[in-house]
Protein chains: 2
Amino acid sequence: MRGFSQSLPMALLRAREAVMRQFRPNLRKHDLTEQQWRILRALAAVEAIDVTELARVAFLLGPSLSRILRDLDARGLIERQTDTNDLRRGLLSISPKGLKLIAQVAPTSEAIYAAIAARYGVRRLDELQKMLVDLEASLAGDLLVAERE
Amino acid sequence: MRGFSQSLPMALLRAREAVMRQFRPNLRKHDLTEQQWRILRALAAVEAIDVTELARVAFLLGPSLSRILRDLDARGLIERQTDTNDLRRGLLSISPKGLKLIAQVAPTSEAIYAAIAARYGVRRLDELQKMLVDLEASLAGDLLVAERE
DNA sequence: CGCCGAAACTTAACATGTTAATCATTTGTG
DNA sequence: CACAAATGATTAACATGTTAAGTTTCGGCG
């Protein structure tokens with residue numbers, strides 16, 4: 001059977017953890033989890049967005065997102081309203097307070113990212129990211145079943 | 001600020017999720033989580049191992065491991081005993097039932113792995129793994145502080 | 001119009017991730 | 001030998017991952 005620490009999922013997990021370990025202290029300083037930070041950044045990039053679409057871009061499952069939004073709302077970092085055309089849909093946007101928080105966190109975050117790139121090699125990092133995207137794309141369909149038509 | 005879906009942590013997360021999505025159904029069929037499976041495989045590779053060392057090789061934090069071991073023990077998949085030389089230390093090994101379960105799960109798991117490698121390219125996959133290990137290694141020390149001496 | 005299936009969230013329930021605190025044992029040191 | 005610090009492991013508390021079930025609202029269709 002495949003050697004254990006050589007498995008692909010393990011290698012991805014370990015690499016990701018090594019990267020996140022660099023960022024976590026900075027986020028923690030501002031009482032943010034990694035997921036909360038992902039959400040704030042995603043919201044900062046748009047005017048407004050519904051919950052389903054946010055789940056897609058922030059790569060979070062619905063239930064996790066619901067809980068986190070509840071907290072971010074309570075902290076005043078985001079604003080929620082209901083879509084007037086479809087009452088099922090919740091529209092989200094970032095609050096001024098949220099924007100301010102992002103401005104506080106982002107510089108250090110960027111510096112860390114730059115340090116990682118510098119140490120690993122900017123070109124290699126770029127190549128790695130391409131390979132990761134390709135891997136994801138290549139696993140899009142069913143794996144063991146032939147995709148006909 | 002850095003584009004969001006281009007961030008390295010996100011790319012690693014998405015790639016890993018794409019890979020794990022392939023394995024999860026097979027594990028679930030045998031009522032195993034990904035972490036439980038990691039532990040069983042690690043135990044199958046050795047005679048006995050203490051909890052701390054298992055946490056290291058299975059890349060799990062102590063508290064997670066404690067909980068999972070409790071469950072695996074209750075299911076009769078592992079065996080526990082105390083180190084006679086150091087009563088703080090718990091020694092773990094896999095049970096016959098655990099070995100049997102591995103034998104049931106492993107073939108499909110191997111087939112899925114082979115299918116991933118075939119689709120992405122065996123050589124490329126190997127290269128990717130090397131790059132991931134390198135990334136992890138390059139982030140071992142402190143990032144923003146110069147390592148003197 | 002009225003119902004029924006689908007869609008958008010949310011809640012529930014259980015497992016793991018993460019940090020801090022606790023408990024038992026061991027080890028080093030005076 | 002006594003005792004403080006360190007170690008191994010677990011427990012606690014809170015956040016997220018994951019699947020299933022529940023709620024409200026839409027849309028289509030008779």
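Only this structure's heavy atoms are used, side chains among them; waters, hydrogens and symmetry mates stay out.
Judged as a side chain to side chain contact (heavy atoms under 4.5 Å, CB included), and not counting sequence neighbours, the contacts of Lys97(B) are Leu77(B), Ser95(B). Residues satisfying the side chain to side chain donor-acceptor pair (under 3.5 Å) test with Arg89(A), not counting sequence neighbours, are none. Annotation: side chain to side chain donor-acceptor pair (under 3.5 Å) contacts of Arg80(B) (sequence neighbours excluded): none. With sequence neighbours excluded, no residue forms a side chain to side chain contact (heavy atoms under 4.5 Å, CB included) with Arg28(B). Here Asp134(B) pairs with Arg124(A) under the side chain to side chain donor-acceptor pair (under 3.5 Å) rule; sequence neighbours left out. Residues passing the side chain to side chain contact (heavy atoms under 4.5 Å, CB included) test with Arg21(B) are Glu17(B), Ala18(B), sequence neighbours excluded.
Using a 4.0 Å cut-off, no side-chain N or O of Gln35(B) falls inside it from OP1 or OP2 of dG17(D).
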Name every donor-acceptor pair, under 3.5 Å, that has one atom in a side chain of residues 62-72 of chain A and the other anywhere in the protein, sequence neighbours excluded.
from: Ser64(A); atom 1: OG; to: Arg67(A); atom 2: NH2; distance (Å): 3.3

Under 4.0 Å protein heavy-atom contacts per nucleotide of nucleotides 7-14 of chain C, with B for base, S for backbone only and - for none: BSSBBBB-
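Here the P atom of nucleotide dT19(D) and the CG atom of Leu27(B) are 11 Å apart, to the nearest Å. As a whole-Å value, the separation of Glu17(A) CD from dG17(C) P is 10 Å. One interatomic measurement links the two molecules: CE of Met20(A) to P of dA15(D), which rounds to 17 Å at whole-angstrom precision. One can place CG of Asp31(B) at 17 Å from P of dT18(D), the figure rounded to the nearest angstrom. Rounding to whole angstrom units, CD of residue Glu34(A) and P of dG17(D) are separated by 8 Å. Per the geometry, CZ belonging to Arg28(B) stands 11 Å off C1' belonging to dA15(C), to the nearest Å. In this entry the distance linking CZ of Phe59(B) with P of dT16(C) reads 17 Å, nearest Å. Between the CZ atom of Arg16(A) and the C1' atom of dG17(D) there is a distance of 12 Å, rounded to whole Å.
Checking side-chain atoms of Tyr113(A) against main-chain N and O of Ser7(B) turns up no donor-acceptor pair under 3.5 Å. A donor-acceptor distance shorter than 3.5 angstrom exists from the side chain of Gln36(B) to the backbone of Thr33(B), with no hydrogens or angles considered.
Of the candidates dG17(C), dT16(D), dT26(C), dT26(C) carries the atom nearest the Leu87(B) side chain, counting heavy atoms from C-beta on.
Counting non-hydrogen atoms under 4.0 angstrom, Gln36(B) reaches the backbone sugars and phosphates but no base.
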Report, one pair per line, the protein and nucleotides 2-4 of chain C atoms (nitrogen or oxygen only) whose separation is under 3.5 Å.
none

